[in-house]
Amino acid sequence: MEAVRWSRQLIPTLREVPQEAEIPSHQLLLRAGLIRKLGAGLYTFLPFGLRALRKVERIVREEMNRAGALEILMPALHPKEIWEQTGRFEVLKDVIFKIRDRQDRALVLGPTHEEIVTDLVAHEVSSYRQLPLNLYQIQMKFRDEIRPRFGLMRAKEFIMKDAYSFDADDAGADESYRKMYDAYQRIFRRCGLRTKIVEADTGAMGGSSSHEFMVLADAGEDGLVECDTCSYAANLERAESVLRAPPAFEGVGRAVEKVSTPGLRSVEEVSGFFQSPPSRLIKTLIYVADGQPVAALVPGNRDVNEIKLRRALGTKTLILADPVTIERVTGAPVGFAGPVGLKIPVHADLKLRGYRGAITGANQADAHIRHVDLERDARVTAYADFSYAMEGDGCPRCPGMLRTRRGIEVGHVFKLGTKYSELLGAMYLGADGQKKPCIMGCYGIGVTRTLQAVIEQSHDDQGIIWPVPVAPAEVEVLLINEQHEASVRAAEKLVAELEEVGLEVLYDERAERPGVKFKDADLLGLPLRINVGERGLAKGAFEVRVRQSGETLMIPMESIVESICAQLAELRRARGAEEQG
RNA sequence: CGGGGCGUAGCUCAGUCUGGUAGAGCGUCAGCUUUGGGAGCUGAAAGUCACGCGUUCAAAUCGCGUCGCCCCGACCA
């Protein structure tokens, strides 16, 4: 095989940080010459970016196959009708790219494939003997994101591995789910990623149970909580939490008192005026749920989690009321709503249970009331958990405390039930002769996002530090002086020997100064680098530099291949061990 | 969609307030020199100053409009 020579490759490294990139992984993808932008959320993979991507894909394939899933490839273009059959064209209309062919037929660019795979199975599966079945593909998805950002992290088109399981009964579906859950752990571990598995909301997908695989990173787009004591962890959209002790405020037992608060609308303004912590306020938000106004109450220091609130209310739609509605419902302009005397249903967050001595709006312009005892003074329709969990809240499962983190969602597994199989007719005939819908699960991995997450989690201020299994090549041979003939001969022989034992080698023989090549090597971040120069040759040795640790070793020329293989094995092993811990 | 920022050479940016005909560093090309952490010297190429309309004797610079990109928010599988 012809050696991969840097001078014959396209690895356009950048000395400076491109203006377009904010977070480390995005900057490094560009600076290391792995990707280039075409437009917002649209990227070209350059040769070395593609090599790393293929490595991730290979790991995903191997583990999916090992778990018994079958690879297929579905179309990216879908007739619009199939999306209308499940009602998801309406649900997803904002993110679906819609196009028309020359016959003016409506098509969409597939944002996901539940409908397509279910339609396939509806046609091809008819007996319980064909189940369980798990079909997957690795393919480009298209989503008209509201805001693409951070390079590959949230793009308009991205590569996804999506798998869909079909089972005859719940026990089988649970087993399929578990297999995928296990496979995902193996996949991310092999990619060198530390992931946190969290309970998640099922969102537009529908279904019952769901877990997300999160890569912890400050630049992550998702919030999550984890318990410092037990294994509880959840996406912030879903996270439950408890207040250990109801707060005790002064003024408990006294009668409600109206206080003039001209122009003070926000929690900050009001709590400042009363010299009270924001948690003492009861924040009252007016929503319109399925067309009906409702009040939602949360402690003043917390925000309403609308996903949890909608679930608690059991409504399809939930939007914050407009100022006109608020004034009509509360009798006061925005900023002075309170639960006392409201004529609409009042839903209170669980953390407000037992709130006494609280402050809230008076439902009258420029006035608040204090000494409010929620039970005594207001008619609360129902209590439910619909505020966002916060750092320091109690764990819902144990006496521990919750911490908040940020993460990148790289994988998501769902139990879907029979929603799609019923709508699209994916039925099978059971042993009992009964026709039943397949029980489905779906399982996604953002492949391109995973690649970026690896970089986000594994870099230093000099560049990328590739985990061996996903590195675009395993070893870089760096020729220090391309005009020194003995060095050239030694380097080329070395490259040939390394390739002989099956290693992937990048040979930097460019006519550049050593410093340039060193900097580029650190930036590109291949696990091991061998410097070939006069200094080492004089001692009959090669200088090996380990990217991760930064340590430099002098290895005798005769044992170099053996040493490199051993060190790569060690690097793989160390990463794996880290995962166990 | 709301808020903010930006758009000048391949990249990073100055010049815009106060209008006078295009700049720097890096990169590229040629040559010399140099070769262990982004060298030095000499020379060269390279920009319809995002686009359009307007104001003006004169527009990168002022006005209006459009497009693109980035960030924050809302949203999100």
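Atoms considered below: every heavy atom in the structure, side chains included; atoms not considered: hydrogens, waters and symmetry mates. Proteins get letters first, then strands, A, B, ... in listed order; numbering begins at 1 in each.
A salt bridge links A/Glu114 with A/Arg88: the distance from a Lys NZ or Arg NE/NH1/NH2 to an Asp or Glu carboxylate oxygen falls below 4.0 Å. Look at A/Lys517 and A/Glu482 and you find a salt bridge, because one of the NZ, NE, NH1 or NH2 atoms lies within 4.0 Å of a carboxylate O, short of that distance. Ion pairing between A/Arg178 and A/Asp174 fails under the 4.0 Å rule for side-chain N and carboxylate O. Here A/Glu221 pairs with A/Arg149 in a salt bridge; the nearest charged N to carboxylate O distance falls below 4.0 Å. Using a 4.0 Å cut-off between a side-chain N of Lys or Arg and a carboxylate O of Asp or Glu, A/Glu492 and A/Arg5 qualify as a salt bridge. Ion pairing of A/Glu84 with A/Lys80 is present here, as a side-chain N (NZ or NE/NH1/NH2) and a carboxylate O approach within less than 4.0 Å.
In this view, A/Phe89 satisfies the ring-ring contact (aromatic ring centres under 6.0 Å, His included) rule with no residue, not counting sequence neighbours.
Regarding contacts with the backbone of B/G37, every side-chain N or O of A/Arg513 stays at 4.0 angstrom or more from both OP1 and OP2.
Note on A/Pro111: a base of the nucleic acid sits closer than 4.0 angstrom, heavy atoms only. Within 4.0 Å of A/Gly536, counting heavy atoms only, lies at least one base atom of the nucleic acid. Within the 4.0 angstrom heavy-atom criterion, no nucleotide atom of any strand lies near A/Asp94. Residue-level contact check: A/Arg449 touches neither bases nor backbone, having no heavy atom under 4.0 Å from any strand. Residue-level contact check: A/Val17 touches the backbone only, with heavy atoms under 4.0 Å from sugar-phosphate atoms and none from bases. Among the protein residues, A/Gly533 comes within range of the nucleic acid bases, having at least one heavy atom under 4.0 Å from a base atom. Among the atoms of the strands shown, base atoms are found under 4.0 Å from some heavy atom of A/Gln483. Within 4.0 Å of A/Arg36, counting heavy atoms only, lies no atom of the nucleic acid at all.
Here the separation of B/U12 from B/C75, taken at their C1' atoms, is 34 Å to the nearest Å. Atom name C1', nucleotides B/A24 and B/G47: the rounded distance is 14 Å, in whole Å. Spacing between B/C6 and B/G43 at atom C1', rounded to whole Å, works out to 35 Å. Taking atom C1' in both B/G63 and B/G19, one finds a spacing of 13 Å when rounded to whole Å. The separation of B/G40 from B/G3, taken at their P atoms, amounts to 47 Å, rounded to a whole angstrom. Here the separation of B/C41 from B/G27, taken at their P atoms, is 12 Å to the nearest Å. Taking the P atom of each, B/C67 and B/C29 are spaced 39 Å apart, rounded to whole Å. Atom name C1', nucleotides B/G7 and B/A50: the rounded distance is 6 Å, in whole Å.
Closest to the side chain of A/Glu482, out of B/G37, B/U35, B/G38, is B/U35.
Residues A/Tyr184 and A/Lys161 have side chains that bring a donor and an acceptor to within less than 3.5 angstrom of each other. Side-chain atoms of A/His459 and A/Ser25 form no donor-acceptor pair, as typed in the model, at a separation below 3.5 Å. No hydrogens or angles considered: nothing links the side chains of A/Gln452 and A/Thr448 as a donor-acceptor pair under 3.5 Å. Of the N and O atoms on the side chains of A/Glu509 and A/Ser7, at least one donor lies less than 3.5 Å from an acceptor on the other residue.
Each of A/Gly515 and A/Asp222 has a nearest nucleotide on RNA chain B; the 5'-most of these lies closest to A/Gly515. Comparing A/Glu212 and A/Arg529 by the nucleotide of RNA chain B that holds the closest heavy atom to each, the one mapping nearer the 5' end is A/Arg529.
Atom pair A/Ile480:CD1 and B/G37:P shows a separation of 9 Å (rounding to whole Å applied). Rounded to an integer number of Å, the gap from A/Tyr164 OH to B/A77 P is 14 Å. Atom CG in A/Leu479 sits roughly 11 Å away from atom C1' in B/U35 (whole-Å rounding). Atom CG of A/Leu416 and atom C1' of B/A77 are 11 Å apart (whole Å). We find that CD of A/Glu512 is positioned 13 Å from C1' of B/C26, with the value rounded to whole Å. As a whole-Å value, the separation of A/Leu523 CG from B/C26 P is 20 Å. The CD-C1' distance, from A/Glu221 to B/C76, rounds to 9 Å in whole Å. A/Arg31 has its CZ atom 17 Å from the P atom of B/C26, to the nearest Å.
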- Message: What does the B/S/- profile of nucleotides 68-74 of chain B look like, 5' to 3', with a 4.0 Å heavy-atom cutoff to protein?
- Response: -SSBBBB

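In a base pair of the Watson-Crick type (N1 to N3 plus N6-O4 or O6-N4) or a G-U wobble (N1-O2 and O6-N3), with each distance short of 3.5 Å, B/U66 is matched with B/A50. B/U55 makes up no base pair with any nucleotide shown, lacking Watson-Crick or G-U wobble contacts both under 3.5 Å. When Watson-Crick and G-U wobble pairs are counted only if both distances are under 3.5 Å, B/A60 pairs with no nucleotide at all. The pairing partner recorded for B/C17 is none, the criterion being a Watson-Crick or G-U wobble arrangement whose two distances lie under 3.5 angstrom. Using the Watson-Crick or G-U wobble rule with both distances under 3.5 Å, B/C41 pairs with B/G31. With a cut-off of 3.5 Å on both pairing distances, the Watson-Crick or G-U wobble partner of B/A24 is B/U12. Using N1 to N3 plus N6-O4 or O6-N4 for Watson-Crick, or N1-O2 and O6-N3 for G-U wobble, each under 3.5 Å, B/G73 pairs with B/C1.
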Report all interatomic pairs (protein N or O, nucleotide N or O of nucleotides 41-47 of chain B) with separations under 3.5 Å.
none

- Message: For A/Arg489 and A/Lys493: C-alpha separation, side-chain torsions, deciding distance, then whether side chain to side chain contact (heavy atoms under 4.5 Å, CB included) applies.
- Response: CA-CA 6 Å; A/Arg489 278 197 303 275; A/Lys493 181 160 170 282; over 6 Å; no

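In this structure, A/Lys308 places its NZ atom where more than 12 heavy-atom neighbours from other residues, nucleotides or ligands lie under 6.0 Å away.
On a pure distance criterion of 3.5 Å, no polar donor-acceptor pair joins the side chain of A/Arg535 and the base of B/G37.
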